[in-house]
Each structure stands twice: as structure tokens, then as C-alpha cells.
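These notes concern the structure reproduced below.
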Amino acid sequence: MTHPAAADVSLPEAAADLTAAERSRILAKAALFAPPAATLADGRKELVGLSREELAAEMVAMGEKPFRAKQLWHWIYHQGVTDFAKMPTIAKPMQRKLEERFVVGRPGVNLEQTSTDGTRKWLFGFRDGQQVETVYIPDQQEDRGAVCISTQVGCTLSCKFCHTGTQKLVRNLGAAEIVGQFMAARDSYNEWPSPTDGTPRLLSNIVIMGMGEPLYNYENVAKAMRIVMDNEGIALSRRRITLSTSGVVPMMDKCGQELAVGLAVSLHAVRNDIRDEIVPLNRKYPIEELMAACRRYPAASNARRITFEYVMLKGVNDSEADARELVRLLHGIPAKVNLIPFNPWPGSPYETSSNNAIHRFAKVVSDAGYSSPIRTPRGRDILAACGQLKTESERKRAAKTAAPAAA
């Protein structure tokens with residue numbers, strides 16, 4: 001099943017106007033949480049995160065030919081080089097000019113932890129002192145895996161079951177900070193240069209599913225992903241990129257039209273009253289609107305199914321009746337359902353559904369023809385599992401706040 005390429009065309013005219021107005025409002029609000037300029041204290045500019053056109057403009061501004069941008073793009077994104085002196089196709093005088101004006105940076109690695117199951121988590125620090133967490137989740141059968149990338153410092157959504165959501169939104173990440181997480185992860189696994197001969201990559205996929213709601217920082221996310229997908233650089237196919245949203249409906253349409261990456265939807269409930277409680281965004285974009293947006297998503301097909309994330313909460317959303325309602329909601333959508341046993345964290349009001357309840361739920365969904373794998377929790381020992389991301393500084397701050405009460 002394929003879906004129309006222009007999402008708003010399938011909407012009634014009045015609804016399309018409302019969607020466009022809401023999209024403008026979301027983009028305007030994102031600007032209030034804009035990242036700081038990608039410039040060092042000494043005035044040098046960061047080249048990571050610039051588009052090809054912006055990179056060429058910087059070369060022209062310093063009196064060089066635009067083709068220099070193509071050379072730099074190769075060294076930065078294909079080879080992973082951060083030192084201009086190690087770019088031999090660029091003459092030494094030019095290398096010195098570049099060093100005076102620019103830098104090819106990475107997020108600082110403030111902490112790196114590797115779980116007993118091979119999951120690796122980084123606490124990355126940025127130039128203004130803000131931090132995010134990024135996780136690499138290796139495949140259990142093959143030598144490949146996904147890097148789970150953050151898009152905001154904190155999160156604006158406050159989903160009740162999610163540890164990350166208890167850290168308030170501080171600011172959006174810039175394109176350099178988003179793509180830089182993947183580049184730093186490749187540094188950690190020595191995965192440069194980008195393979196061009198079909199050699200398998202260990203870091204084979206990106207899931208935009210870390211801290212933050214990516215569709216509330218769409219412009220920076222889109223810019224970063226265009227850089228990642230560029231065939232002359234990192235060259236990751238859009239089929240290997242999945243963007244996860246809690247359901248920012250107007251931006252789902254825009255993402256489908258412009259990026260056409262894979263889509264994952266954090267659904268977690270099949271009734272509006274329950275989803276209103278555990279995913280407060282549902283009060284603005286209820287389940288009916290969310291599922292309609294999924295049906296419009298242009299990249300969805302039987303070959304590229306939409307993934308629905310569903311965290312299993314004991315006594316909240318895990319009944320067989322819930323499973324049957326989920327099957328009804330999914331009708332006509334090429335879909336798979338990831339069932340996620342709830343990962344407990346200190347202070348959470350929820351419990352994990354029983355094994356039996358999860359398997360009964362999975363059977364109902366599977367019998368209806370939808371793949372419904374039960375996700376094996378990964379990286380729990382380093383708080384790297386789904387919904388557990390929260391920067392170390394925030395954990396320490398929370399612990400200090402709680403200490404007097406505990407006494």
C-alpha cells in the first residue's frame with residue numbers, strides 16, 4: 001500500500017489551512033528555543049552542520065573557489081577528519097587559512113559507558129555547557145546496530161512513563177550538535193571512512209528517538225539528516241533512518257514530504273482518555289488525528305511500515321481489549337508494533353506488565369497480521385533503555401533535591 005505524496009492535498013481545504021497555520025506556530029515556537037550560534041569564543045566558525053550551499057558561501061567569502069566546499073565535505077563527512085592539516089588534497093597555505101577561520105568539531109565526551117549487553121551510552125557536552133545522552137544499540141544477531149540520537153536538551157512533552165520527560169526543555173540542538181552525535185559515535189567505533197563498496201557498517205542505522213521531540217525541532221533535524229543522507233559524505237540511506245514522534249501531526253506531514261525517512265509513532269494507548277494522561281500531547285492531537293496523519297505519510301508502504309511504539313504498563317494499557325482496539329486503529333496502515341516492557345526508574349508511578357499479559361497482547365496483534373515483537377530491554381544497567389535517558393547533571397540535581405525529603 002502506498003500513500004499520496006502530498007499530504008495536505010488529501011485534507012479538506014479548511015483543515016489544510018489550519019494545519020499550515022499550526023505548522024507555522026510550531027516553527028515560530030521552536031525559534032524561542034534556538035541553539036546558540038555555532039561559533040567558538042575566538043570567533044572561529046563550526047563547519048559541521050553547514051549545508052553544501054552554506055559551506056560553498058563560506059569559501060567564497062574567504063576568497064576561495066566554491067569547489068573547495070566539495071573537498072572539505074569529503075574530508076569532514078566521508079573521511080571523518082577533524083584536523084585541516086590531515087587533509088592532503090588541500091594545499092598547506094589553504095590549510096592554515098582554514099585553521100584561522102574555522103573548526104571541525106565534535107561534542108565533548110563527558111562520559112562513556114558500555115553495558116554488559118554491548119549497548120554503549122555517551123553523555124555528550126556542548127560548548128555552552130549543556131549535555132545530552134546518545135545510545136548505540138547493537139543488533140543481537142548481526143554486526144550492525146542503531147545510534148539513538150537526541151534532538152533537544154530535555155523535552156517539552158512530559159510523558160508520564162518516561163524518565164527523559166521529567167527533564168524540562170532547555171533548548172533545541174543545532175544541526176551540528178545532532179549530526180555530531182553520530183559522527184562522535186563513529187569516532188568511538190573507528191568507523192571512518194564511510195564504506196563505499198557495500199562493506200557492512202557497525203553503526204548502520206539512526207533512530208531519532210533520544211532526548212526530545214524531533215518534530216518540535218524540525219528545521220535543525222531536517223538539516224542534519226540531509227547532511228547524513230548526502231551520498232558524498234556519511235551516505236546513510238533514508239531507509240536506514242527512523243524518526244520517532246509522539247504525534248506532532250502538522251509536522252508529520254512536512255517530514256513525510258521533505259525527508260521521507262522511516263516513521264515511528266509513540267502511541268502507548270488506544271483510548272484518548274488514557275493517552276491524554278500518559279502522553280499529554282494527545283490533548284492537542286488526539287488519536288483520530290494521529291492515525292489519519294499516519295495514513296497520509298508518503299513513505300509508508302508494505303516495504304517500509306510505520307512502527308508503533310507501545311510501552312506496556314501494568315493495568316493501564318495492556319488488556320486484550322486494548323490489543324483488539326489497537327488492531328482496529330491500525331486497519332489500512334502498513335504497520336508493525338513494538339511492544340516495550342516498561343523500564344522502571346526512581347519515582348515512576350507505573351509497573352511493568354506481566355510476561356503473560358504482554359504475550360497475550362502480542363498474540364492478538366500478531367493474529368491480526370501485524371508483526372508485534374516484544375522488545376528485549378537493552379542497557380538497563382547503564383540507564384540506556386527506552387525512556388531512561390536523562391543527563392547525569394539532572395540525575396545528580398534530582399538526587400540532591402530528594403535528599404532532604406528522604407532524611
Side-chain angles (χ1 to χ4, degrees), residues 1-16 18-20 22-23 26 157 159 161 208-209 213-216 218 242-257 259-313 316-340 361-362 364-373:
M1 179 187 301
T2 51
H3 296 271
D8 286 354
V9 171
S10 62
L11 286 166
E13 189 173 339
L18 284 172
T19 297
E22 181 69 3
R23 191 152 51 222
I26 289 168
L157 295 182
C159 296
F161 56 85
I208 310 169
M209 199 182 286
E213 166 54 66
L215 293 185
Y216 276 146
Y218 177 77
T242 299
L243 182 145
S244 177
T245 179
S246 291
V248 186
V249 169
M251 304 308 295
M252 288 169 66
D253 292 331
K254 187 174 178 67
C255 178
Q257 292 167 28
L259 294 181
V261 296
L263 182 68
V265 174
S266 295
L267 186 61
H268 306 309
V270 294
R271 287 169 31 198
N272 280 318
D273 59 336
I274 295 175
R275 197 166 190 267
D276 283 351
E277 176 64 25
I278 63 175
V279 185
L281 183 66
N282 195 73
R283 298 167 196 164
K284 184 177 286 288
Y285 308 113
I287 290 173
E288 296 78 11
E289 291 183 25
L290 174 58
M291 302 310 286
C294 290
R295 288 184 170 85
R296 294 193 299 269
Y297 195 74
S301 67
N302 288 328
R304 298 184 67 198
R305 295 169 294 176
I306 294 176
T307 299
F308 289 87
E309 309 283 351
Y310 198 96
V311 67
M312 301 297 292
L313 303 172
V316 176
N317 63 356
D318 60 352
S319 71
E320 290 180 63
D322 288 322
R324 288 190 291 272
E325 176 61 10
L326 176 58
V327 168
R328 189 191 70 78
L329 288 173
L330 295 178
H331 181 71
I333 301 174
K336 70 175 282 192
V337 180
N338 270 346
L339 298 177
I340 307 167
F361 193 105
V364 172
V365 178
S366 178
D367 286 352
Y370 297 99
S371 173
S372 54

Approximate separation, where rounding is to 0.5 Å, of [X] [atom1] and [Y] [atom2]:
{"X": "Leu326", "Y": "Phe308", "atom1": "CG", "atom2": "CZ", "value": "8.0 Å"}
{"X": "Ser371", "Y": "Asn338", "atom1": "OG", "atom2": "CG", "value": "7.5 Å"}
{"X": "Tyr285", "Y": "Met252", "atom1": "OH", "atom2": "CE", "value": "11.0 Å"}
{"X": "Lys284", "Y": "Ser246", "atom1": "NZ", "atom2": "OG", "value": "14.0 Å"}
{"X": "Ile208", "Y": "Leu263", "atom1": "CD1", "atom2": "CG", "value": "10.5 Å"}

List the atom of [X], the atom of [Y], and the distance in Å for their closest heavy-atom pair.
{"X": "Asp318", "Y": "Met312", "result": "CB-CE, 3.6 Å"}
{"X": "Ile306", "Y": "Cys294", "result": "CD1-O, 3.4 Å"}
{"X": "Pro214", "Y": "Ser244", "result": "CG-O, 3.1 Å"}
{"X": "Tyr370", "Y": "Leu330", "result": "OH-O, 3.1 Å"}
{"X": "Glu320", "Y": "Val364", "result": "OE1-CG2, 4.3 Å"}
{"X": "Arg23", "Y": "Pro250", "result": "NH1-O, 2.9 Å"}

Taking the side chain as everything from C-beta on, heavy atoms only, tell me whether [X] gets closer than 4.5 Å to [Y].
{"X": "Thr307", "Y": "Thr242", "result": "no"}
{"X": "Leu215", "Y": "Leu243", "result": "yes"}
{"X": "Met251", "Y": "Thr245", "result": "no"}
{"X": "Tyr297", "Y": "Arg304", "result": "no"}
{"X": "Val279", "Y": "Leu157", "result": "no"}
{"X": "Glu277", "Y": "Val316", "result": "no"}
{"X": "Asn317", "Y": "Phe361", "result": "no"}

Practice task
Can you sort out the partners of Glu289 under salt bridge (charged side-chain N to carboxylate O under 4.0 Å, His left out), two or more places apart, ordered by chain and number?
Solution key: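 Scan of Glu289 (salt bridge (charged side-chain N to carboxylate O under 4.0 Å, His left out), adjacent residues dropped) gives none.
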
What side-chain donor-acceptor pairs closer than 3.5 Å can you find for residues 266-274, not counting sequence neighbours?
unit_1 : atom_1 : unit_2 : atom_2 : d
His268 : ND1    : Glu309 : O      : 3.3
His268 : ND1    : Val311 : N      : 2.9
Arg271 : NE     : Asp273 : OD1    : 3.1
Arg271 : NH2    : Asp273 : OD1    : 3.4
Arg271 : NH2    : Asp273 : OD2    : 2.5
Asn272 : OD1    : Asn282 : ND2    : 2.9
Asn272 : OD1    : Ile287 : N      : 3.0
Asn272 : ND2    : Glu288 : OE1    : 3.0
Asn272 : ND2    : Glu288 : OE2    : 3.1

Problem - side-chain contact (heavy atoms from CB on, under 4.5 Å) between Val249 and Arg296, worked out - result: CA-CA 10 Å; Val249 169; Arg296 294 193 299 269; 3.9 Å; yes

Exercise for the section: Please determine which of Asp322, Val365, Ile340 meets the side-chain contact (heavy atoms from CB on, under 4.5 Å) test together with Tyr310. Expected result: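 With Tyr310 as partner, Asp322, Val365, Ile340 yield a single side-chain contact (heavy atoms from CB on, under 4.5 Å), made by Asp322.
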
